[in-house]
Undergrad: 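Encoded as structure tokens, here's the structure I'll be asking about.
Throughout, a chain's letter reflects where its sequence line sits, starting with A, and its residues are numbered from 1.
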Amino acid sequence: MLFAEIVATSGGVAATAARSTKADLLADLLRRLDDDEVEPAVGFLTGEVRQGRIGVGWATLMAIVSDPSAEPTLTVGDIDLAMSELAATIGSGSGAARASLLSRLFGRATEPEAAFLVRLLGGELRQGANEGVMVDAVAKAAGVPAAAVRRAHMLGGRLDTCARAAITGGTAALEQIGLQVGRPLRPMLASTAPDTATALEDLGRASVEWKLDGIRIQVHRQGDAIWVFTRNLNDITARVPELTDAIARLPVTSVVLDGEAVAFDDAGRPRMFQETVSWRARAEGDEGAAAATSSPAAPDAVTDDADADVEVEIALDQAPAGLRPYFFDCLHLDGRDLVDEPLADRLAALDAAVGPWRMPGTVTDDLAVAAAVLAESLGAGHEGVVAKAVGSPYEAGRRGKAWRKVKPVHTLDLVVLAAEWGHGRRQGWLSNLHLGARDPAGGFVMVGKTFKGMTDALLTWQTERLGQLEERATKGTVWVHPELVVEVAVDGVQSSTRYPGGVALRFARVVRYREDKDPADADTIGAVQALLPG
DNA sequence: ACAAGTGCCTC
DNA sequence: CTCGGAA
DNA sequence: TTCCGAGGAGGCACTTGT
């Protein structure tokens, strides 16, 4: 099939409002593909290339110079091949080689094809349809129930291969795609709740578990073979030897576990998220250190009689404590799939499988108990809790209401220093705010930006109001007289080298404007810094 | 040898 | 990761 | 209810430029 047909379909999808019509358009195209074209085409129409990292982003795309072709000649296979070549182009000189490859490719593309490629490779397809719509499209094209596609997608992890299976083999082929140890499934996600009482009232009897601020891990083990995947199903096995050591010791023959990995300090307190992230990457290629860092002590051993050898090696390494896994779900144990079993049964399997690495938590329907678990978690330096209905199955890939996360929210009164013009549906509105805390010595210290929490009506108001306060502007940004106070909610702050106050807001969103307040009433930089842990 | 720019990953 | 809009 | 897209913070790997 010509790539131009993909581009035309994407255009049609973008011009359509109804999701079902978008799916119809996509299904029409899927039916016309050759079998070998299904996987790349599903990727292109969900904004991805199946080769993954190809080392091409906006800067690279903007530097391409080429004359568009008049007639479409590129096929789906041509583009797929080009992506494979780009992915394989690494090492010294690869930048120029990729640029050359892209120039030649764009020279063979018509103008609409080139524009589509820029959006695809730039990660901004913006056609109002992604994997969610594509699932329905695949079902329509293959004449199978959407639920069958959805389930295969969740358990198999990749929609492109599910699409090919559905179209070439129908329901029977989809049913072959089950949970397989060594292949990641899409993790279940949690929706939010304002507090533990609300969560428990919605859920009834629930497992209330600590929520740790680290990296989501999905661990697979089959005999001696171990895999560690992230939330987005990336394989980080080689980068987390401390975890694989611990997993190797579990009393199981095969297992699939869901959990969180966090780095801890000497005192047994969790490190800041940024430190956990950097921990993840440091092990590989770090010859001596990786071998010396033996399995971390189990949580119960750390607080009282920690293993002396571990302590010594850690001190030598200048890298105290380390990365620890905390598991909160068990999806497969010794040959038995548990995804469809109720949480209570999965927790029983978890207890048998992970011993000391179990996420702390309590099954309860008592509001006071739930509140106490939250207090314990926060007291131990963690992020909050997740409450989970005890009867719920593991809804892979879904952000269902069976899991509710509860995190404390802080609010700050900050001053708008500048705003950036929005893009896409925010075009024409001043959207992204630069936020400053008050410096008691005079002036304001920028601590972050936010574009979240604004309704369309607020965007309109804010664009007009900030326009009145404009002092100077560059392309994309308007600096304003610092007098507008805005109440901002944050999950917390983190240390920053970018911002002059040494702190940056985490997940900042606008609550409301405070026109009743003056900049002199705004929170100080000291108040913001006080939110740093420790 | 070192710094800057870019891509891509986590949340 | 959060949020608001839309189907 | 579900999906999409608006865009935030930091940190490492890799490549290129000085």
Undergrad: Looking for any heavy atom pair under 4.0 Å, which part of the strands does A:Ser20 touch: base, sugar-phosphate only, or nothing?
TA: nothing

Undergrad: Check A:Thr161, A:Asp160, A:Asp80 against A:Arg50 for a side-chain hydrogen bond (donor to acceptor under 3.5 Å, both in side chains) and give me the one that passes.
TA: A:Asp80

Undergrad: Taking for each residue the nucleotide of DNA chain C with the nearest heavy atom, is it A:Lys405 or A:Ala457 whose nucleotide lies nearer the 5' end?
TA: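 The residue closer to the strand's 5' end, by nearest nucleotide, is A:Lys405.
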
Undergrad: Between D:dG7 atom P and A:Leu505 atom CG, what is the distance in whole Å?
TA: 18 Å

Undergrad: Check whether NZ of the Lys or CZ of the Arg A:Arg506 lies under 6.0 Å from the centre of the six-membered ring of A:Phe273 and within 45 degrees of that ring's axis.
TA: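 Flagged: A:Arg506 positioned over aromatic ring of A:Phe273.
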
Undergrad: Across the strands shown, which category fits A:Gly123 at heavy-atom distances under 4.0 angstrom: base, sugar-phosphate, nothing?
TA: nothing

Undergrad: Nearest nucleotide by nearest heavy atom, which residue falls closer to the 5' end of DNA chain D, A:Ser94 or A:Asn130?
TA: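 Nearest-nucleotide comparison on DNA chain D picks A:Asn130.
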
Undergrad: Verify the distance criterion only: is there a donor paired with an acceptor across the side chains of A:Tyr394 and A:Asp258 at less than 3.5 Å?
TA: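 Yes.
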
Undergrad: Between D:dG7 and B:dC11, how far apart are the two P atoms, rounded to whole Å?
TA: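 So the two P atoms sit 22 Å from each other.
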
Undergrad: If you look at every strand shown and take non-hydrogen atoms under 4.0 Å, does A:Lys407 touch a base, only sugar-phosphate, or nothing?
TA: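 Result for A:Lys407 = sugar-phosphate.
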
Undergrad: When we call it a touch if two heavy atoms are under 4.0 Å apart, what does A:Val56 touch: a base, just sugar-phosphate, or nothing?
TA: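 If one applies the 4.0 Å heavy-atom cut-off, A:Val56 turns out to touch the sugar-phosphate alone, with no base involved.
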
Undergrad: Does A:Arg216 get its side chain close enough to the base of B:dT10, under 3.5 Å, for a donor-acceptor pair?
TA: no

Undergrad: Any base atoms under 4.0 Å from A:Ala59, or only sugar-phosphate, or nothing? Heavy atoms, all strands.
TA: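 Since only primed, P, OP1 and OP2 atoms lie under 4.0 Å of A:Ala59, the category is sugar-phosphate.
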
Undergrad: Describe the nucleic acid contact of A:Ala129 in one word from base, sugar-phosphate, nothing, applying a heavy-atom distance below 4.0 Å.
TA: sugar-phosphate

Undergrad: With DNA chain C as reference, determine whether A:Ala17 or A:Leu189 sits nearer its 5' end, using the nearest nucleotide of each.
TA: A:Leu189

Undergrad: Check for a donor-acceptor pair, side chain of A:Ser10 on one end and backbone N or O of A:Ile6 on the other, with a separation under 3.5 Å.
TA: no

Undergrad: Rounded to whole angstrom units, what separation is found between the NZ atom of A:Lys22 and the P atom of D:dT2?
TA: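 Going from A:Lys22 (NZ) to D:dT2 (P), I get 20 Å.
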
Undergrad: Are a donor atom and an acceptor atom from the side chains of A:Thr21 and A:Asp24 found within less than 3.5 Å of each other?
TA: no

Undergrad: Using the closest heavy atom to pick a nucleotide of DNA chain D for each, name whichever of A:Ser92 or A:Gly400 lands nearer the 5' end.
TA: A:Gly400

Undergrad: In terms of side-chain heavy atoms of A:Val277, which of D:dG7, C:dT2, D:dG11 is nearest?
TA: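 For the A:Val277 side chain, the nearest candidate turns out to be D:dG11.
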
Undergrad: Quick check for you: among C:dC3, D:dT15, B:dT10, whose closest atom lies nearest to any side-chain atom of A:Lys452?
TA: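 So the nucleotide nearest the side chain must be C:dC3.
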
Undergrad: Considering every strand and a 4.0 Å limit on heavy-atom distances, what is the contact class for A:Ser496: base, sugar-phosphate, or nothing?
TA: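 Sugar-phosphate, backbone atoms only, no base.
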
